[in-house]
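Written out below as structure tokens is the structure these notes cover.
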Amino acid sequence: MAEIHLNKVHKSYGADEVLHGVDWHIRDGEFVVIVGPSGCGKSTLLRMIAGLEGISQGEISIGERVVNDLEPAERDIAMVFQNYALYPHMSVYNNMAYGLKIKGIAKDEIEKRVNRTAEILEIRDYLKRSPRQLSGGQRQRVAMGRAIVREPSVFLFDEPLSNLDAKLRVQMRLEIKKLQERLGITSVYVTHDQVEAMTLGHRLMVLNGGYVEQLGTPIELYERPATAFVAGFIGSPSMNFLDAKISEDGKKAVFPGGDALDLPGDLAKHANHRVTVGMRPEHLQVDEGKSETTSQTVQVVEHLGADTLVHGTFGSGNSDLIVRLKGIRTIGKGEVLPLAIDPRNIHVFDPDSGKRLDS
Amino acid sequence: MLKRVHFGPSWLPFALVAPQIIITVVFFIWPASQALYQSLLVEDPFGLKTEFVWFDNFIELFGDEHYLGAFQRTIFFSFSVAFLSMTFALTLAAMADRVIKGATTYRTFLIWPYAVAPVVSGALWVFMFDPTLGIFTYTLGALGYEWNHKLNGGEAMFLVIIASAWKQVAYNFLFFLAAMQSIPKSLIEAAAIDGAGPTRRFFSIILPLISPTTFFLMVINVVFAFFETFGIVHAVTAGGPAKATEILVYKVFNDGFIGLDLGGSAAQSVILMLIVISLTVIQFRYVEKRVEY
Ligand SMILES: Nc1ncnc2c1ncn2[C@@H]1O[C@H](COP(=O)(O)OP(=O)(O)O)[C@@H](O)[C@H]1O
Ligand SMILES: [Mg+2]
């Protein structure tokens with residue numbers, strides 16, 4: 001049980017800075033996710049918490065202790081690697097017992113703990129096998145077992161599900177979530193998959209190019225993305241981004257084709273400025289003539305069953321727009337769909353800095 | 001049906017494999033069959049009379065305590081060379097594995113001894129340990145130890161072992177380093193998180209995982225010590241003093257070319273051939289079993 005403090009944490013490789021100051025307070029028992037595109041520094045940050053990478057600047061503490069100068073073994077953590085990193089020459093049992101033996105725990109106690117953990121993860125039948133004889137999903141469980149059996153105060157996960165097939169990934173995702181709730185151990189989970197991030201984390205850190213874009217709960221990130229990057233990263237299909245200008249009175253966004261949409265607040269201080277307007281595909285709905293605010297000229301229709309994705313162009317301009325409609329709709333190519341959107345679902349960003357603009 | 005590609009009768013394929021075949025025949029098959037044949041003969045030193053004696057030469061060898069002594073000596077020598085050079089190479093590789101910067105420089109320096117001819121390698125050690133001129137002899141003398149491998153058989157053996165092992169260190173180092181670097185880094189990191197320090201990681205993770213390489217090198221080194229150390233022994237001790245460093249390959253030479261017992265010497269080399277063949281078979285049989293990561 002421990003909380004983790006990251007205090008202005010920087011990382012450089014030679015002259016290259018790959019993390020530009022990360023601050024975060026992870027609460028005791030919390031499940032947090034670091035998410036971002038490949039190469040943004042997620043693993044580096046996790047490995048710094050683990051003690052596998054040095055800390056160039058700043059401070060990391062776990063529990064009450066500053067761990068900057070502690071060896072990985074002294075940090076009371078356990079880590080699950082992307083490739084599982086099971087010891088290939090040891091049986092599943094010995095893989096799990098290795099850390100306990102080093103700690104000098106008595107043999108019968110080790111046996112009890114390994115068996116109990118194996119029970120939880122349903123790997124009791126494989127204890128005698130070597131990792132080579134296991135499937136990907138089973139190896140994954142063993143890797144988790146090796147982490148759990150040590151009863152650490154922090155779990156670290158580096159893309160643990162990315163080597164599994166789609167179906168197994170969804171199943172293991174749920175299991176990890178349940179397990180974390182049951183054990184209540186502070187966990188930091190790294191992934192590039194936004195769905196994984198949204199479903200697992202109590203709170204998320206969105207990293208981009210070594211900068212923290214936003215910290216918050218999944219709902220906060222979805223409803224009030226702090227930057228255009230976060231807005232585009234969270235949600236699938238991605239948010240639509242359209243160039244626009246704020247009207248004189250600050251109450252409308254005016255698009256190049258002449259269409260205009262009501263804004264959620266008064267943006268008079270940005271009047272006449274260029275902005276980027278963001279609208280999620282699922283927030284645009286067909287509106288049969290009542291309060292129709294804009295339209296879409298349909299090009300391609302994709303049926304997902306539960307939803308229908310409509311690709312086309314926005315209003316009278318020619319910017320791309322994706323709309324996600326509930327259920328199965330029969331819509332023809334070339335049709336013009338009347339659309340409406342609640343102004344509260346319109347996001348406005350500075351086109352240069354990408355920052356969210358509020359009234 | 002797939003049609004096979006047919007080449008017309010041509011001399012070209014034969015010409016292309018000819019050099020290899022000629023070399024094998026001239027330098028291996030022919031001398032080997034000569035030795036095989038020779039080992040069944042007894043010839044007088046002047047080459048005037050030759051008698052076909054079947055396996056008498058072999059029977060005589062195994063009743064000869066000098067030969068059996070040389071056999072024991074060779075086994076001791078080979079395993080000492082293998083053990084010494086492998087342990088040393090392993091230590092170097094373990095250290096180089098931790099240093100990534102400048103690893104190429106290490107590798108370049110460490111491969112040099114391998115490029116040195118056995119005789120030259122032997123000569124280097126002879127100079128360093130020369131009873132009157134050698135730098136090590138001088139140093140040992142200053143420490144109160146009087147070194148003279150020309151009189152002391154144990155010291156002579158020690159010297160040929162060192163000179164032979166030194167030559168193999170580079171080769172072993174390269175293989176050990178490559179094996180260590182093919183171990184995924186995350187395994188070592190997982191062990192570090194599990195609380196294993198560098199020494200423990202080495203013995204419980206790295207060493208077991210490189211065991212196929214260790215076994216391979218073990219065979220290679222024994223083969224080297226058995227068969228390729230003639231030059232070193234010749235340069236360092238010439239088998240002396242009092243045959244203290246006369247290993248099997250050297251005895252073949254001594255008995256055949258100096259003692260002119262051609263039949264006996266040929267029988268000895270046939271035995272050596274059998275040893276090398278069986279070592280090679282062992283190697284092919286077991287080295288194939290690889291550890292999977
Ligand atoms: N050992 C290293 N030396 C130099 N650069 C590195 C090293 N490890 C990672 N990097 C760089 O740091 C950045 C972040 O890497 P990483 O944390 O692995 O990204 P990811 O978010 O995909 O996990 C990348 O640009 C990568 O090239
Ligand atoms: Mg990564």
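Letters A, B, ... are given to chains in the order of the sequence lines, protein chains preceding strands, and every chain is numbered from 1. This is a predicted model, so every value here is computed, not measured.
- Neither the backbone nor the side chain of A:Ala143 has a heavy atom closer than 4.5 Å to any heavy atom of chain B.
- Only the backbone of A:Leu86 has a heavy atom closer than 4.5 Å to any heavy atom of chain B.
- In this model, a donor atom of one side chain and an acceptor atom of the other lie less than 3.5 Å apart for A:Gln82 and A:Ser162.
- The closest side-chain donor-acceptor pair between A:Tyr98 and B:Ser204 falls under 3.5 angstrom.
- Taking A:Val18 as the reference, A:Lys11, A:Tyr13, A:Thr44 meet the side-chain contact (heavy atoms from CB on, under 4.5 Å) condition, with sequence neighbours excluded.
- Using a 4.5 Å cut-off between heavy atoms, A:Ile102 contacts chain B through both its backbone and its side chain.
- Taking the ring axis of A:Tyr87 as reference, the NZ or CZ atom of A:Arg146 stays within 45° of it and closer than 6.0 Å to the ring centre.
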Discussion item. Run the side-chain hydrogen bond (donor to acceptor under 3.5 Å, both in side chains) test on A:Tyr189 and A:Glu159 for me, step by step, so that the C-alpha distance in whole Å, both residues' side-chain angles and the decisive distance to 0.1 Å come before the verdict.
Written reply: CA-CA 7 Å; A:Tyr189 188 105; A:Glu159 312 221 13; over 6 Å; no
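- Only the side chain of A:Arg47 comes within contact range of chain B, judged by heavy atoms closer than 4.5 Å.
- Looking at A:Phe81, the atoms closer than 4.5 Å to chain B (heavy atoms on both sides) all sit in the side chain, from C-beta outward.
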